[in-house]
Amino acid sequence: MPELPEVETTLRGIAPHFEGQTLALVQVRAPMLRQPTPQAALIQGRTLSNLRRRNKYILADTNDAHTLLLHLGMSGRIVLTPPTAPLLKHDHIILRTANGVEARLNDPRRFGLFLRIPTAQLATHPLLAAIGPEPLSPAFTGAYLHKALRGKSVAIKAAIMDGRVVAGVGNIYASESLFRAGISPLAAAASLSRRRCDALVFHIIATLTEAIAAGGSSLRDFTQASGELGYFQHSFRVYGRAGQPCPSCATPLKSKVISQRNTFWCPACQR
DNA sequence: CTGAGCACCTGAGGGC
DNA sequence: TGCCCTCAGGTGCTCA
């Protein structure tokens, strides 16, 4: 699924067409994603504002004191289409503006989410209340990370994929950032020095920023809202490259499952 | 509290 | 061509 760069790319694709726009037509074709979906009638006719991303969620306020929350799960994507385009299998949510722009959420595995939450309850909503700082915000510093890792015996890779530590870092960008920082994904989180936390924060920010600039990574499912492919997958240094030479030292890259997710690293460069 | 394991669901790709 | 197995960018529940 989309990690932070793919969600950010999706947001940037749809926001210009939906910010301030009224939803002339809403269809909720799947009654259930990860959680039950809201009735279309509650959303149709509302005007959207303040489209934004938090963690891997896309949020948009409606002019009835509610906020729509959308998550792409593992396999979700949003594509902009003309209303005349034929519906595809797994098109679960359709939002059409009065201008005739349609955004369709297509999510084969249905791990995504579409919720309608009273805006006043957003900050305390269980999905959002415990989320850590945004990695691209000033709050995400080496000092913060060093403190957040205190007492954590889990592998550093699992720690940075924990949204309570930092928002939005998923399986690909965790491996890529750790490689760039020269840190073994297996290192105990609490064992990282302050200096190494500084380096890791720097490289998480750099990796995510570059990926956003590339329009995200397109593996199986992801496309930008325009339908174009992202191209950051061509910049992966370790992800998916087990057995291939390290781009830095040519040592064969290793892979191993860490907390249920396949992880890639260079055993020579990363300590 | 933490961490590990499993579950949710569909589809793509490889081996036979 | 088809069957069976494994794997996939996420998260949230249960259990020890």
Side-chain angles (χ1 to χ4, degrees), chain A residues 1-11 29-37 53-58 69-78 88-92 105-115 125-132 135 148-178 185-191 204 207-208 210-212 214-224 229-242 255-264:
Chain A
M1 124 88 224
E3 300 186 30
L4 183 152
E6 291 72 39
V7 177
E8 182 67 27
T9 298
T10 298
L11 173 69
R29 306 181 75 233
M32 181 83 186
L33 295 173
R34 269 193 78 85
Q35 294 181 28
T37 48
R53 180 191 57 73
R54 172 71 172 119
N55 194 19
K56 296 166 191 161
Y57 301 111
I58 290 174
L69 178 152
L70 194 121
H71 189 279
L72 300 176
M74 282 284 267
S75 59
R77 64 179 125 176
I78 294 176
L88 302 177
K89 192 175 182 182
H90 308 305
D91 277 348
H92 302 311
L105 170 69
N106 186 283
D107 180 11
R109 295 175 73 180
R110 281 180 273 125
F111 289 170
L113 273 180
F114 184 57
L115 299 178
H125 192 280
L127 289 173
L128 294 167
I131 297 297
L149 298 180
R150 199 174 292 163
K152 284 198 171 290
S153 63
V154 285
I156 183 61
K157 195 235 185 187
I160 59 173
M161 288 180 65
D162 181 342
R164 295 168 299 183
V165 173
V166 57
V169 177
N171 199 39
I172 292 176
Y173 299 106
S175 280
E176 292 295 315
S177 301
L178 286 164
L186 296 161
S191 75
I204 288 172
T207 306
L208 295 177
E210 288 173 32
I212 291 168
S217 302
S218 290
L219 295 186
R220 291 156 198 79
D221 304 299
F222 180 76
T223 60
Q224 301 182 48
L229 298 177
Y231 52 89
F232 192 73
Q233 67 277 13
H234 303 301
S235 300
F236 292 168
R237 301 186 191 177
V238 293
Y239 184 83
R241 308 181 86 92
S255 71
K256 176 187 169 73
V257 174
I258 298 177
S259 52
Q260 330 301 113
R261 314 303 298 279
N262 210 355
T263 304
F264 302 87

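In the text below, chain A, chain B and the rest are named by the order of the sequence lines, each starting its count at 1.
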Whole-Å distance, A:L72 CG to B:dT10 C1', equals 16 Å
Report the base-pairing partner of C:dC3 (Watson-Crick or G-U wobble, both distances below 3.5 angstrom), or none.
B:dG15
Please tabulate the protein-to-nucleotide N/O contacts below 3.5 Å involving nucleotides 12-14 of chain C, giving atom names and distances.
from: C:dG12; atom 1: O4'; to: A:R34; atom 2: NH2; distance (Å): 3.2

Most 5' of A:H90 and A:A158 on DNA chain B, judged by nearest nucleotide
A:A158
For a quick test of reading the model: is some side-chain N or O of A:K56 closer than 4.0 Å to OP1 or OP2 of C:dT11?
yes
Shortest non-hydrogen separation from A:P2 to A:G73 and the atoms involved:
CD-O, 3.7 Å
In this structure, how many angstroms lie between the C1' atom of B:dC8 and the NE2 atom of A:H92, rounded?
13 Å
Give the nucleotide from the list C:dG10, C:dA8, B:dA4 with an atom nearest to the side chain of A:E3.
C:dG10
Determine yes or no for a side-chain-to-main-chain donor-acceptor pair under 3.5 angstrom, with A:N55 supplying the side chain and A:L128 the backbone.
no
Centroid distance under 5.5 Å and plane angle under 30°, A:F111 vs B:dC8
yes
Which part of the nucleic acid does A:S153 contact within heavy-atom distance under 4.0 Å: base, sugar-phosphate only, or nothing?
sugar-phosphate
CG of A:D162 versus P of C:dG10: gap in Å, rounded?
13 Å
Looking at CD of A:E176 and CD of A:E210, how far apart are the two atoms once the value is rounded to the nearest 0.5 Å?
10.0 Å
In whole angstroms, how far is the C1' atom of B:dG3 from the CE atom of A:M161?
15 Å
Look at the side-chain N and O atoms of A:R110 and state whether any lies under 4.0 Å from the OP1 or OP2 oxygen of B:dT10.
yes
Tested for side-chain contact (heavy atoms from CB on, under 4.5 Å) against A:P135, the lone hit among A:T207, A:I204, A:I160 is A:I204
Looking only at B:dG3, B:dG11, C:dA8, the nucleotide nearest the A:N262 side chain is C:dA8
Atom-pair distance (CZ on A:R261; P on B:dC6), nearest Å:
15 Å
Euclidean distance, atom CG of residue A:L4 to atom P of C:dT11 [Å, nearest integer]
11 Å
How close or far is atom C1' of C:dA8 from atom OH of A:Y173, stated in whole angstroms?
15 Å
Give the intermediate values and the outcome of side-chain hydrogen bond (donor to acceptor under 3.5 Å, both in side chains) for residues A:K89 and A:N106.
CA-CA 8 Å; A:K89 192 175 182 182; A:N106 186 283; over 6 Å; no
In whole angstrom, give the distance that lies between atom CZ of A:F236 and atom P of C:dA8.
13 Å
Pairing check on B:dC1: which nucleotide meets the Watson-Crick or G-U wobble criteria with it, both distances under 3.5 Å?
none
Atom of A:L113, atom of A:L127 and distance for their closest heavy-atom approach
CD1-CD1, 3.7 Å
Considering only atom P, compute the distance from B:dC9 to C:dC3 and round it to an integer number of Å.
23 Å
OP1 or OP2 of B:dG11 sitting under 4.0 Å from any side-chain N/O of A:K89?
yes
Between the main-chain N or O of A:N171 and the side-chain N or O of A:E3, is there a donor-acceptor pair closer than 3.5 Å?
yes
Is the phosphate of C:dT11 approached by A:H71 (side-chain N or O, under 4.0 Å from OP1 or OP2)?
yes
Classify the ring geometry between A:F232 and A:Y173 as parallel (under 30°), tilted (30 to 60°) or perpendicular (over 60°).
tilted
